[in-house]
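All heavy atoms count here, side chains included; hydrogens, waters and symmetry mates do not. Keep in mind that this is a model prediction, so the values were computed, not measured. Convention: sequence-line order gives letters A, B, ...; per-chain numbering from 1.
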Amino acid sequence: DGGITQSPKYLFRKEGQNVTLSCEQNLNHDAMYWYRQDPGQGLRLIYYSQIVNDFQKGDIAEGYSVSREKKESFPLTVTSAQKNPTAFYLCASSTSGRRDTQYFGPGTRLTVL
Amino acid sequence: AQSVTQLGSHVSVSEGALVLLRCNYSSSVPPYLFWYVQYPNQGLQLLLKYTSAATLVKGINGFEAEFKKSETSFHLTKPSAHMSDAAEYFCAVSEINAGNMLTFGGGTRLMVKP
């Protein structure tokens, strides 16, 4: 089955720790995205990548980092510099056209203890 | 930058009643528009999208949306609500001159009463 997988589904972190969220897709999509979702605020773009070994900051990149070493993988690291990391994180992928649909993974819920 | 406004963070309807979820966007050029649905603790699933073809777009699960340029709107409707329609719905706009970036509205939670 083609799709996007995110792991883990639930993640707990102590303050001051970095954590990495996994995102893998087997849709052969060039573009991948990370969003953060908070109640009542919709989705906000953290980082996106349109090609391997290249990525750009989105609207709320501070305190986050990414890498894109392989086409199918786009891991997100939440660093200790992120002041309020508790949220639901969604990964998406798409082909590169502007009318093309973004397909979403099931999400990772991160809670800072 | 474009913006998307979803009027009403919560909408409640009775089973069998009309569903109307509102979405307005700000753009000087007609954008591409999307409606997604999210069930609790899940990712987003595409319901339908407008890409400058027919202004009335039909999607999955009996939903449809009409693009109205004069009103800068893309409201989502369904003639008869079902209990399984209870979810959160997001309207999104594709950014112009920014590849395939999406700007999302704040979401509308639909509740369906028996």
Q) Which pair of non-hydrogen atoms, one from B:Q38 and one from A:L90, has the smallest distance, and what is that distance? A) NE2-CD1, 4.1 Å

Q: Using a cut-off of 6.0 Å, state whether more than 12 heavy atoms not belonging to B:L18 lie near its atom CG.
A: yes

Q.
Shorter than 4.5 Å, heavy atoms on both sides: which option in B:L46, B:N41, B:T103 has the most such pairs with chain A?
A. B:N41

Q. Any side-chain heavy-atom pair from B:Y32 and A:T101 closer than 4.5 angstrom?
A. no

Q. Of all heavy-atom pairs between B:M101 and A:Q50, which one has the smallest distance, and what is that distance?
A. CE-NE2, 4.2 Å

(Q) With a 6.0 Å cut-off (strictly less than), is the heavy-atom count around OH of A:Y103, excluding the residue itself, greater than 12? (A) no

**Q.** Residue part contacting chain A, namely of B:Y50, when any heavy atom lies under 4.5 Å
**A.** neither

Q) Between B:S9 and chain A, which part of the residue has a heavy atom less than 4.5 Å away: side chain, backbone, both or neither? A) neither

Q: Please answer: with hydrophobic residues joined when any side-chain heavy atoms are less than 4.5 Å apart, are B:Y39 and B:I60 in the same cluster?
A: yes

Q) Heavy atoms, side chains only, cut-off 4.5 Å: are B:F90 and A:Q37 in contact? A) yes

(Q) Check this for me: B:E15, atom CD, are more than 12 non-hydrogen atoms of other residues, nucleotides or ligands nearer than 6.0 Å? (A) yes

Q. Counting only heavy atoms not in B:L20, do more than 12 fall under 6.0 Å of its CG?
A. yes

Q.
Would you say NZ of A:K83 has more than 12 non-hydrogen atoms from neighbouring residues, nucleotides or ligands within 6.0 angstrom?
A. no

Q | Residue pair A:Y35 / B:L102: nearest heavy atoms and the distance that separates them | A | OH-CB, 3.9 Å

